[in-house]
Amino acid sequence: MDRGLVHSATLVLPNRICHGGMFWQDGILKEIFEEASPIRQPKLQFNAPAPIRFGQATLNETPVWNMEADLLIPGLIDTHVHGAGGCDVMDATTESLQTLAETLLKEGTTAFLPTTMSCIPEHLKRVLQNVADFHLSNFGGAEILGLHLEGPFLAKKFRGAQATELIWDEGKDGSAQFLANLLHDFPHLVKILTFAPERPDGRELAKVCLAHGVISSAGHTAADFAQMEQAVQWGVRHITHAFNAMPAIHHRHPGLLTKALLDETITMEIIADGVHIHPAVIELVLKNKPPERVCLISDGTRAVGMPDGEYELGGQMANVRQGLAQLPDGTIAGSAYPLRQGLKMLVQKLQYPLQEAVRYATSNPAKLLGIDNRVGSLEINKEATFIRLSSDFDIKQVWIRGRLVFEAKGI
């Protein structure tokens, strides 16, 4: 029987932070307990010679880990990430996805949505087929939860790092049918579609998403306030990397961001890496949105976990220096940081409560994707999937369903 116990940890639970431990069996949390004070025992012991009293059960031969007061939080869930470890989803190879999943895992991201870039239809189909095949094979690393389709139905004016020539032309027919065919050929794979709702095909794209259970998200868009109000009526309830690749808020032209801040039904993606959004603007969002309507994302690229240098993104070369990835014209091209960086930013720079900050990167994305019944928080009857962090938010260990799958050197 597969079971284990950790103790002397600082547990970040949905309703509190406490000193205590957890017991799991067959990968599922069975008990969570509080401790009055740290219990100093060997860091790791197997087959304890004496029975361990725990709750109402006597646990013989149960692995026990002393967490030495380190932070234990749920595994991070990234709903928007293009690449890591020198690889990209658009490579459309098993090897790249494997490297991506393994790199993210080492950074504390235990589940994610591989995210595409605008490309020609034939290549997009290859990308989806590759993700579908990999997803079913379960090669290991961070769990693939589906796919985030970013484009190609975007506004060219707010293309960001998307290649102009690869965006579906607004005057070209067939976009909604192409999307419908794609969702039919790869059922339940696509979880989010990012598109510009003000496009002539915006309403039909939203309609296709609604019919297939795909989350409609406004992004790389020029939508104004009225157009965003209309999009909400079509079922658009999500904003892709808010404040990036869209009009800024203006006192006479409020735009879609004002609608997103005022409408409690809309969830906003935030890249809190310290590069994409000024900390004061992040604070503005957190003070105005309901706590459950913000999701931290990384928008990570090949540069995540890699040294400074040049990296390809969507067919264009980006230069990465000290965490800033830019195209030759200065456009920010995704992020060089993992999702954990956003957590650090909120807690260390903005002095935001740890419990709330963790929520934005764990339970909120889990609820968005409808998988919060099994992951996203440390609760009884959910998976024993968590990460161990130092007080400075450095990764020490990563656990997936009760298995220690990564341990940093020198721990």
Phe178: partners by ring-ring contact (aromatic ring centres under 6.0 Å, His included), with sequence neighbours left out: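 Only Trp168 meet the ring-ring contact (aromatic ring centres under 6.0 Å, His included) criterion with Phe178.
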
Flag the pair [X] / [Y] as yes when at least one side-chain heavy-atom distance between them is below 4.5 Å, and no otherwise.
X      : Y      : answer
Leu5   : Met22  : no
Thr79  : Ile215 : no
Leu100 : Phe112 : yes
Leu76  : Thr362 : yes
Gln98  : Phe134 : yes
Tyr337 : Glu107 : no
Val81  : Leu339 : no
Leu149 : Val214 : no

Measure from the side-chain N and O atoms of [X] to the backbone N and O of [Y], and report whether any donor-acceptor pair falls under 3.5 Å.
X      : Y      : result
Asn288 : Leu284 : yes
Asp372 : Ser363 : no
Arg293 : Thr267 : no
Arg340 : Phe393 : yes
Ser8   : Ala69  : no
Asn364 : Val294 : yes
His220 : Phe158 : yes
Arg359 : Glu356 : no
Thr116 : Glu150 : yes
Asn130 : Thr93  : yes

For atom [atom1] of [X], is the number of surrounding heavy atoms from other residues, nucleotides or ligands below 6.0 Å larger than 12?
X      : atom1 : value
Arg374 : CZ    : yes
Lys289 : NZ    : yes
Glu264 : CD    : no
Arg203 : CZ    : no
His123 : NE2   : yes
Lys207 : NZ    : no

Could you tell me which non-hydrogen atom of [X] sits nearest to which non-hydrogen atom of [Y], and how far apart they are?
X      : Y      : value
Phe406 : Ile395 : CE2-CG2, 3.8 Å
Leu257 : Pro247 : CD1-O, 3.4 Å
Cys295 : Leu368 : SG-CD2, 4.4 Å
Ala196 : Ala155 : CB-N, 3.6 Å
Leu113 : Thr115 : O-OG1, 3.0 Å
Ile167 : Pro152 : CG2-O, 3.3 Å

His241-His276 aromatic ring centre distance below 6.0 Å: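 No, too far apart.
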
Centroid-centroid under 6.0 Å between His184 and His212 rings: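 Centroid distance His184-His212: not below 6.0 Å, so no.
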
Pair Gln348-Asp392, side-chain donor/acceptor within less than 3.5 Å: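 Side chains of Gln348 and Asp392: pair found under 3.5 Å.
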
Asp273 and Ser335 side chains, donor-acceptor separation under 3.5 Å: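 Yes.
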
Measure the spacing between [atom1] of [X] and [atom2] of [Y] and express it to the nearest 0.5 Å.
X      : Y      : atom1 : atom2 : result
Leu354 : Leu71  : CG    : CG    : 6.0 Å
Ile332 : Leu327 : CD1   : CG    : 10.0 Å
His148 : Thr240 : NE2   : OG1   : 4.0 Å
Glu269 : Phe243 : CD    : CZ    : 13.0 Å
Leu13  : Gln355 : CG    : CD    : 8.0 Å
Ser298 : His80  : OG    : NE2   : 7.5 Å

Full working for side chain to side chain contact (heavy atoms under 4.5 Å, CB included) between Val131 and Leu97: CA-CA 8 Å; Val131 173; Leu97 274 183; 4.0 Å; yes

Stepwise side chain to side chain contact (heavy atoms under 4.5 Å, CB included) test for Thr301 and Asp88: CA-CA 7 Å; Thr301 64; Asp88 191 289; 5.5 Å; no

Side chain to side chain contact (heavy atoms under 4.5 Å, CB included) assessment of Leu179 paired with Cys209: CA-CA 9 Å; Leu179 177 63; Cys209 287; 4.2 Å; yes

Test side-chain contact (heavy atoms from CB on, under 4.5 Å) applied to Leu154 and Leu166, Thr194, Thr164, the passing residue: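 Result: among Leu166, Thr194, Thr164, Thr194 is the only option passing the side-chain contact (heavy atoms from CB on, under 4.5 Å) with Leu154.
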
Test applied, side-chain contact (heavy atoms from CB on, under 4.5 Å); reference residue, Tyr360; option that passes from Ile297, Ile270, Leu286: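 Option passing the side-chain contact (heavy atoms from CB on, under 4.5 Å) with Tyr360: Leu286.
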
N-O pairing of Lys396 and Glu68 below 4.0 Å: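 Salt bridge flag = no for Glu68 with Lys396.
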
Extract all donor-acceptor atom pairs below 3.5 Å that involve side chains of residues 222-235 and protein atoms in other chains or at least two apart in sequence.
| unit_1 | atom_1 | unit_2 | atom_2 | d |
| --- | --- | --- | --- | --- |
| Asp224 | OD1 | Ala226 | N | 3.2 |
| Asp224 | OD1 | Gln227 | N | 2.7 |
| Gln227 | OE1 | Asp224 | N | 2.9 |

Working for side chain to side chain contact (heavy atoms under 4.5 Å, CB included), residues Ile28 and Glu383: CA-CA 5 Å; Ile28 303 298; Glu383 293 179 9; 4.2 Å; yes

Steps toward side-chain hydrogen bond (donor to acceptor under 3.5 Å, both in side chains) verdict (Thr109, Asp78): CA-CA 7 Å; Thr109 298; Asp78 198 344; 4.9 Å; no

